[in-house]
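Working notes, structure below.
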Amino acid sequence: MADASAPDTAVSAALDDLDPFALLDVESARVDRFFSALRGDGWSRPTRCAGWTVRDLLGHLAAVEEYDLACLDDRLDELFARAQAAEVEELDDFNAWGVRERAHLPAADLLDRWRADNAEFRRRMRERGRGGTLTTSVGPYPVGLQAFHLACEYATHADDLDAPVRPEEEPGRTRWRARFTRFALRENECPVSVTPAGMENIVRCGDEVFVLTDAELVAAGVRRLPAAHPLPPHVRDALTCLA
């Protein structure tokens, strides 16, 4: 889920030249194209999400859209009551529960349901407007920033699926994701400071200083840095803001 505490307006203003609804449209379409092209055993392939197949990840995204629509409809209490009845308490359990609830559906039917809910959510978010608010699990939150969070989530899961990204769009895609990662670190008051320096980032964690590329910062923010990367575990934890 893509919730955070109330943002600092001065911090969020740094994103004003980006259109979060357009970014969410692009990443949703990328995932849709990937799923729509799958055949046969493609649904059972593993993904970058440990323990989840491609089919499981579709189930997760369908559950994400159920949550998203519940936010717009002020029905979170109803959704969380169902989760509590299923003895779901932690976020990871909530995500796993969402996948289990949809495991009985044929992939084609689940894809149709996800596609319809995703389209409805994006349309209604645009109608509410960037300056509007919606209910989330942590209280009212700006619609525009929630769209950024979800665009980032969809981009992350597109990469988890190894969905194609055209070479010409990769630089811009990485730039906006790095910008939003820096925003999310400040929004969540993570114990680290990150200063952009061209296509790199100066990361300060206590007295330690590291340099990460934009792509590495994006991966760190969603806890997707490779195990072999030299960044120490405590810095990885400090940079995790969108996972």
Side-chain angles (χ1 to χ4, degrees), residues 1-5 7-8 11-31 33-34 46-50 52 57 60-61 64 91 95 144-205 208-243:
M1 294 182 294
D3 297 340
S5 57
D8 182 295
V11 172
S12 59
L15 302 169
D16 281 352
D17 62 315
L18 295 173
D19 182 348
F21 304 116
L23 297 174
L24 180 56
D25 287 347
V26 168
E27 296 303 329
S28 296
R30 190 186 316 283
V31 169
R33 286 193 301 273
F34 177 86
T47 69
R48 194 173 58 167
C49 293
W52 278 3
L57 192 42
H60 169 63
L61 292 177
V64 166
L91 177 59
N95 289 334
L145 290 180
Q146 187 75 343
F148 273 119
H149 277 282
L150 290 163
C152 183
E153 180 165 9
Y154 268 94
T156 299
H157 288 317
D159 292 346
D160 291 338
L161 293 163
D162 201 22
V165 177
R166 297 191 307 274
E168 62 270 23
E169 65 178 322
E170 181 56 55
R173 184 173 186 257
T174 299
R175 279 196 299 274
W176 78 254
R177 294 172 74 186
R179 286 178 62 183
F180 190 66
T181 300
R182 291 190 291 267
F183 162 79
L185 288 166
R186 296 190 297 272
E187 180 184 48
N188 290 303
E189 299 181 347
C190 295
V192 63
S193 69
V194 180
T195 305
M199 299 298 289
E200 294 182 327
N201 299 270
I202 310 302
V203 178
R204 292 180 172 84
C205 187
E208 300 174 287
V209 179
F210 305 88
V211 178
L212 297 180
T213 66
D214 278 354
E216 289 173 324
L217 179 66
V218 168
V222 294
R223 203 178 283 279
R224 296 300 199 278
L225 271 179
H229 193 281
L231 199 68
H234 68 282
V235 184
R236 290 174 183 246
D237 290 342
L239 287 168
T240 301
C241 57
L242 292 166

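Note that the numbering runs from 1 along the sequence shown for the chain.
Taking 4.0 Å as the cut-off between side-chain N and carboxylate O, Asp214 and Arg182 count as a salt-bridged pair. Comment: Glu27 does not engage Arg177 in a salt bridge, judged by the lack of any side-chain N to carboxylate O separation of less than 4.0 angstrom.
Scored by the ring-ring contact (aromatic ring centres under 6.0 Å, His included) test, Trp52 finds His60 as partners (sequence neighbours excluded). By the side-chain hydrogen bond (donor to acceptor under 3.5 Å, both in side chains) test, Glu170 is found to be paired with Thr174, residues two or more places apart in sequence or in another chain being considered. By the side-chain hydrogen bond (donor to acceptor under 3.5 Å, both in side chains) test, Arg179 pairs with Asp17, sequence neighbours left out. Remark: Arg223 pairs with Asp237, Thr240 by the side-chain hydrogen bond (donor to acceptor under 3.5 Å, both in side chains) rule, at least two apart or across chains. With sequence neighbours excluded, the residues that form a ring-ring contact (aromatic ring centres under 6.0 Å, His included) with Phe180 are Phe148, His149, Phe183. Here Asp19 pairs with nothing under the salt bridge (charged side-chain N to carboxylate O under 4.0 Å, His left out) rule; sequence neighbours left out.
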Should Glu187 and Cys241 be marked as a side-chain contact (heavy atoms from CB on, under 4.5 Å) after you check the CA-CA gap, both sets of side-chain angles, and the distance that decides it?
-> CA-CA 9 Å; Glu187 180 184 48; Cys241 57; over 6 Å; no
Take Leu212 and Val194 through the test side-chain contact (heavy atoms from CB on, under 4.5 Å) and record every step on the way to the result.
-> CA-CA 9 Å; Leu212 297 180; Val194 180; over 6 Å; no
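Atom CG in Asn201 sits 7.5 Å away from atom OG1 in Thr213 (nearest 0.5 Å). Between the OG atom of Ser28 and the CD atom of Glu153 there is a distance of 10.5 Å, given to the nearest 0.5 Å. Separating the CZ atom in Arg224 from the CZ atom in Arg48 is a distance of 5.0 Å, to the nearest 0.5 Å.
Residue Glu189 qualifies as open at atom CD: its count of foreign heavy atoms under 6.0 Å is 12 or below.
Counting only distance, with no hydrogens or angles, the side chain of Glu200 and the backbone of Ala197 share no donor-acceptor pair below 3.5 Å. The main-chain N or O of Pro164 is found under 3.5 Å from a side-chain atom of Arg30 such that the two form a donor-acceptor pair.
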